[in-house]
Number of protein chains: 2
Amino acid sequence: MPPRTHRRTEALSRERIVEAAVELLDANGESGLTFRTLTERLATGAGAIYWHVANKGELLDAATDGVLASALKAGSPGSPRDEVRAVALGLFDAIDRHPWLATQLALQLSRGSVTPRIFEAVGRPVHALGVPEGHRFTTTSALVSYILGAAGQNAANARIPVVPANRTEFLDTVASAWEELDPEEYPFTRSVAAELREHDDREQFLAGVDLILAGITAVHRPGEPG
Amino acid sequence: MPPRTHRRTEALSRERIVEAAVELLDANGESGLTFRTLTERLATGAGAIYWHVANKGELLDAATDGVLASALKAGSPGSPRDEVRAVALGLFDAIDRHPWLATQLALQLSRGSVTPRIFEAVGRPVHALGVPEGHRFTTTSALVSYILGAAGQNAANARIPVVPANRTEFLDTVASAWEELDPEEYPFTRSVAAELREHDDREQFLAGVDLILAGITAVHRPGEPG
DNA sequence: ACCTGAACACCGTTCAAGT
DNA sequence: ACCTGAACACCGTTCAAGT
């Protein structure tokens, strides 16, 4: 029996290609996915991949679709507010695990199936919250914009390679830099450096969601507590 | 006197390079800026550009910085709320004019001088609004996230080349597509297609800002009107 | 000190040729 | 029907050579 230097070659398929693409993106970021790394990983030629996938854009779309689907499918047992929070956190955590997702979502939001899926997930609880017709689209858009914007910033942070244990130290460095800023030009940013040092990304993200929820309540159901 | 086929060659400088880069980005998007197009435009060689600029990343940083500076420097005469709106609109319009700016801001927000500048511009009026210490960082972050997220989505839309006159028609196409969605899976998105058809991007953006401002008021100054 | 432009390594994509 | 891998056009970057 000859030594098996490579593991058994499974049949190439669209799924296996997309799966490998996601792994490469997760491991090495946007620039980690090239047709060279992909052919190497799949032990095949470039043409083989192009047989299953039209081009790199389609590959990125498929990767985005897959990851997005699993991010949005979390069950939603609680109140509308809890559901909004759950959907928001689902997207936040997905982008945290797959930083490239933020860029892709921003690029794909305009066209395709991405927008309706996110819209639907956020819009249902918005409706349930009692937001009147004529305001639901705008309200849902505001939430989606916030969620994607905040998660995208977080993803940008995640791209800076920092050992989790050093995160405190990292925040400390940034906070110290803020404290060194010109007091004439940056009085506010300086004054808020201490809050930066102590904040938690996830908590802060949720606080923003709650702020918008409070705004929704204030505008549309002014009688009730936030 | 010989015919002047090219206009007089001005001295190459960092400023002239960055200026040309912005023009190429505005005209043809992210992919419109390459060292080939840039050398052609400036009638020079690649090495000449590298003499003034370390690499493409630095060039993009400089382009971002310049455009951002002019976007944030609008005077602010009114109330804190008006100032928040003015800063938000300034960024929104800048990204509308320079769609590539959204991507750059998202990528650069983590490090560098970009964050403090935006933070300062948004944070000052937040402070003036009466948000108490301990909540200013989170509140400002929420606004900045929303502003960049919403503007980024808008920039993604702007990347789809549509003649302004056809915009109504374009929205109509998207809205019609939404109305064709599976009623089981997308009840909310379908129900909101009509609102999509009639919305105005800029108004909607401001409505989101106002929603967050209402939330801030509700949470931190519960006695006062939104 | 500043500029030229050929050369290099790398990228996405194509395609004739194989099985 | 599916895969191979050389080839193509293009990209960012370098660098010996010029002025």
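The structure presented is a predicted model; accordingly, all values stated were derived computationally and were not measured. Excluded from the calculations below are hydrogen atoms, water molecules and symmetry mates; all remaining heavy atoms, backbone and side chain alike, are included. Residue numbering restarts at 1 for every chain, and letters A, B, ... go by the order of the sequence lines.
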| query | Side-chain N or O of His52(A) less than 4.0 angstrom from OP1 or OP2 on dC3(D)? | reply | yes
| query | What string of B, S and - do you get for nucleotides 12-19 of chain D, 5' to 3', when a contact is any protein heavy atom under 4.0 Å? | reply | BBBB----
| side chain to side chain contact (heavy atoms under 4.5 Å, CB included) evaluation trace for Leu38(A) with Leu59(A) | CA-CA 11 Å; Leu38(A) 200 51; Leu59(A) 186 54; 3.5 Å; yes
| message | Check the phosphate of dC2(C) against Trp51(B), side-chain N and O only, distance under 4.0 Å to OP1 or OP2. Yes or no? | response | yes
| query | Do any N or O atoms from the side chain of Tyr146(B) and from the backbone of Phe205(B) form a donor-acceptor pair under 3.5 angstrom? | reply | yes
| request: Check for a donor-acceptor pair, side chain of Glu195(B) on one end and backbone N or O of Phe137(A) on the other, with a separation under 3.5 Å. | output: yes
| message | Could you check whether atom NE2 of His98(B) has more than 12 heavy atoms from other residues, nucleotides or ligands sitting under 6.0 Å from it? | response | yes
| Does any donor atom in the side chain of Ser145(B) or Gln153(A) lie under 3.5 Å from an acceptor atom in the other side chain? | yes
| task | Report yes or no: does Thr37(B) contribute a side-chain atom to a donor-acceptor pair with the main-chain N or O of Gly32(B) at less than 3.5 Å? | result | yes
| How does DNA chain D read in dot-bracket, base by base from 5' to 3', with Watson-Crick or G-U pairs under 3.5 Å and | used when the partner is on another strand? | ||.|||||...|||||.||
| Rounded distance in Å - CD (Glu40(B)) to C1' (dG5(C)) | 15 Å
| message | Distance check needed: dC3(C) C1' versus Arg16(B) CZ, whole Å only. | response | 13 Å
| query | Please give, in whole Å, the distance from dG5(C) P to Leu42(B) CG? | reply | 14 Å
| Using 30° and 60° as the class limits, which term best fits the ring planes of Phe35(B) and Tyr50(B): parallel, tilted or perpendicular? | parallel
| message | Looking at Arg36(A) and Glu40(A), is there a salt bridge between them, counting it only when a charged N and a carboxylate O are closer than 4.0 Å? | response | no
| request: Could you state the atom-to-atom distance from CG of Leu38(A) to C1' of dC10(C) in whole Å? | output: 16 Å
| remark: From CG of Leu24(A) across to P of dC11(C) the rounded distance in Å is 12 Å
